[in-house]
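I have placed the structure first, in the form of structure tokens, so that the comments after it can refer back to it.
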Amino acid sequence: QVQLVESGGGSEQTGGSLRLSCAASRLSYSRYWMAWFRQAPGKEREGVAAIYIPGVDTYYADSVKDRFTISRAAAKNTLYLQMNSLKPEDTAMYYCAAVSRFRGNPWFRPESYDYWGQGTQVTVSS
């Protein structure tokens, strides 16, 4: 069973930075997608960024473009999300997700992914 474990969340002030990590295990595919989603209280889960492995294709939500960077350390089988210039509206639970291939839904839809982590909380204060 694939396991995804997020870490790195916490509290930060506006303009600060955080780096989230997602340790993946038992991902036996040679090619797959990994992504970061977030969900704020009372809102739907939304796609933040995605990366195609082992390629270099990355995708970002407009709200985080030029502030967040998704990357992967192949040797550690770990996914990262570097978050800079944080804003209060970035406050949410952040989730790591993975799937071997998409089946018709776009990268930013939660239903596109088969595997999920438990989430890590990010809180940005003004």
Side-chain angles (χ1 to χ4, degrees):
Q1 182 72 7
V2 172
Q3 285 191 328
L4 304 174
V5 180
E6 302 96 334
S7 61
S11 297
E12 189 54 74
Q13 292 187 333
T14 297
S17 298
L18 284 172
R19 188 177 80 157
L20 305 183
S21 300
C22 172
S25 59
R26 307 190 187 101
L27 265 174
S28 59
Y29 311 108
S30 59
R31 299 177 185 274
Y32 51 93
W33 289 86
M34 294 193 75
W36 287 99
F37 281 74
R38 66 186 181 186
Q39 188 167 20
K43 294 190 176 181
E44 290 187 354
R45 190 170 296 191
E46 63 173 353
V48 174
I51 186 169
Y52 180 60
I53 296 163
V56 296
D57 293 344
T58 56
Y59 299 87
Y60 294 93
D62 288 343
S63 58
V64 306
K65 206 170 290 184
D66 299 326
R67 298 190 299 121
F68 291 9
T69 303
I70 189 170
S71 62
R72 172 184 171 250
K76 297 180 180 180
N77 221 15
T78 300
L79 182 73
Y80 300 103
L81 185 69
Q82 178 66 44
M83 305 187 296
N84 298 329
S85 302
L86 284 165
K87 304 176 180 180
E89 50 263 44
D90 294 320
T91 295
M93 184 72 78
Y94 283 71
Y95 298 91
C96 175
V99 67
S100 60
R101 62 181 179 89
F102 292 136
R103 295 178 292 272
N105 289 314
W107 72 267
F108 49 85
R109 294 297 305 168
E111 57 265 34
S112 297
Y113 298 83
D114 292 333
Y115 307 107
W116 291 88
Q118 294 300 307
T120 184
Q121 178 67 38
V122 171
T123 303
V124 184
S125 57
S126 57

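It should be emphasised that the depicted structure is a prediction, and the values quoted were computed from it without experimental measurement.
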**OP:** Test F102 against Y113 for ring-ring contact (aromatic ring centres under 6.0 Å, His included), laying out the working first.
**Re:** CA-CA 8 Å; F102 292 136; Y113 298 83; 5.5 Å; yes
Original post:
How many angstroms lie between atom CD of E12 and atom OG of S125, to the nearest 0.5 angstrom?
Top reply: 7.5 Å
Original post:
Are W116 and F37 close enough, and set up right, to give a ring-ring contact (aromatic ring centres under 6.0 Å, His included), and what steps lead you there?
Top reply: CA-CA 10 Å; W116 291 88; F37 281 74; 5.0 Å; yes
**OP:** Scan residues 71-85 for pairs that pass salt bridge (charged side-chain N to carboxylate O under 4.0 Å, His left out), counting only residues two or more places apart or in two chains.
**Re:** none
**OP:** For R67, check salt bridge (charged side-chain N to carboxylate O under 4.0 Å, His left out) against everything at least two apart and list the hits.
**Re:** D90
**OP:** Might you point out which heavy atoms bring E6 and G119 nearest each other, and give the distance in Å?
**Re:** OE1-N, 2.9 Å
**OP:** Hey, can you tell me if W33 and Y59 have their rings parallel, tilted or perpendicular (30° and 60° cut-offs)?
**Re:** tilted
**OP:** Identify the heavy atoms of V2 and R26 that sit nearest to each other, and give their distance.
**Re:** CG2-O, 3.4 Å
**OP:** Name all pairs fulfilling the salt bridge (charged side-chain N to carboxylate O under 4.0 Å, His left out) condition that reach into residues 92-116, sequence neighbours left out, sorted by first residue then second.
**Re:** R103-D114, R109-E111
**OP:** Using a 4.5 Å cut-off on heavy atoms from C-beta on, say whether the side chain of N77 contacts that of S25.
**Re:** no
Original post:
Side-chain contact, heavy-atom cut-off 4.5 Å: S17 with M83?
Top reply: no
**OP:** Please answer: with hydrophobic residues joined when any side-chain heavy atoms are less than 4.5 Å apart, are M34 and V64 in the same cluster?
**Re:** yes
Original post:
Taking a hydrophobic cluster as the set of Ile, Leu, Val, Met, Phe, Trp and Tyr residues connected by side-chain heavy atoms closer than 4.5 Å, whether directly or through intermediates, do L20 and M93 fall within one such cluster?
Top reply: no
Original post:
salt bridge (charged side-chain N to carboxylate O under 4.0 Å, His left out) with D57: which residues, sequence neighbours excluded?
Top reply: none
Original post:
What pairs meet the salt bridge (charged side-chain N to carboxylate O under 4.0 Å, His left out) rule with one or both residues in residues 39-55, with sequence neighbours excluded?
Top reply: R38-E46
Subject >> Shared hydrophobic cluster for L81 and L18 (ILVMFWY, side-chain gaps under 4.5 Å) >> reply: yes
Original post:
After noting the C-alpha distance and the side-chain angles of V124 and E89, does the key distance pass the side chain to side chain contact (heavy atoms under 4.5 Å, CB included) rule?
Top reply: CA-CA 8 Å; V124 184; E89 50 263 44; over 6 Å; no
**OP:** Could I get the full list of side chain to side chain donor-acceptor pair (under 3.5 Å) partners for S11, not counting sequence neighbours?
**Re:** none
Original post:
Is the number of heavy atoms from other residues, nucleotides or ligands within 6.0 Å of CD (Q121) greater than 12?
Top reply: yes
Original post:
Roughly how far apart are L4 CG and C96 SG, rounded to 0.5 Å?
Top reply: 4.5 Å
Subject >> Heavy-atom closest contact (A49 atom, Y60 atom, distance) >> reply: CB-CD2, 3.6 Å
Original post:
Got T120 and S7 here, is their nearest side-chain heavy-atom distance under 4.5 Å?
Top reply: no
**OP:** Could you state whether Y80 and W36 fall into the same hydrophobic cluster, counting links through intermediate Ile, Leu, Val, Met, Phe, Trp or Tyr residues with side-chain heavy atoms under 4.5 angstrom apart?
**Re:** no
Original post:
When rounded to the nearest 0.5 angstrom, what is the spacing between OG1 in T91 and CG in L86?
Top reply: 8.5 Å
Original post:
How long is the gap from CG on L27 to OH on Y32, to the nearest 0.5 Å?
Top reply: 5.0 Å
Original post:
Is V99 reachable from W107 through a run of I, L, V, M, F, W or Y residues, each pair having side-chain heavy atoms under 4.5 Å apart?
Top reply: yes
**OP:** Please name the pair of heavy atoms, one in A61 and one in G47, separated by the smallest distance, quoted to 0.1 Å.
**Re:** CB-O, 3.4 Å
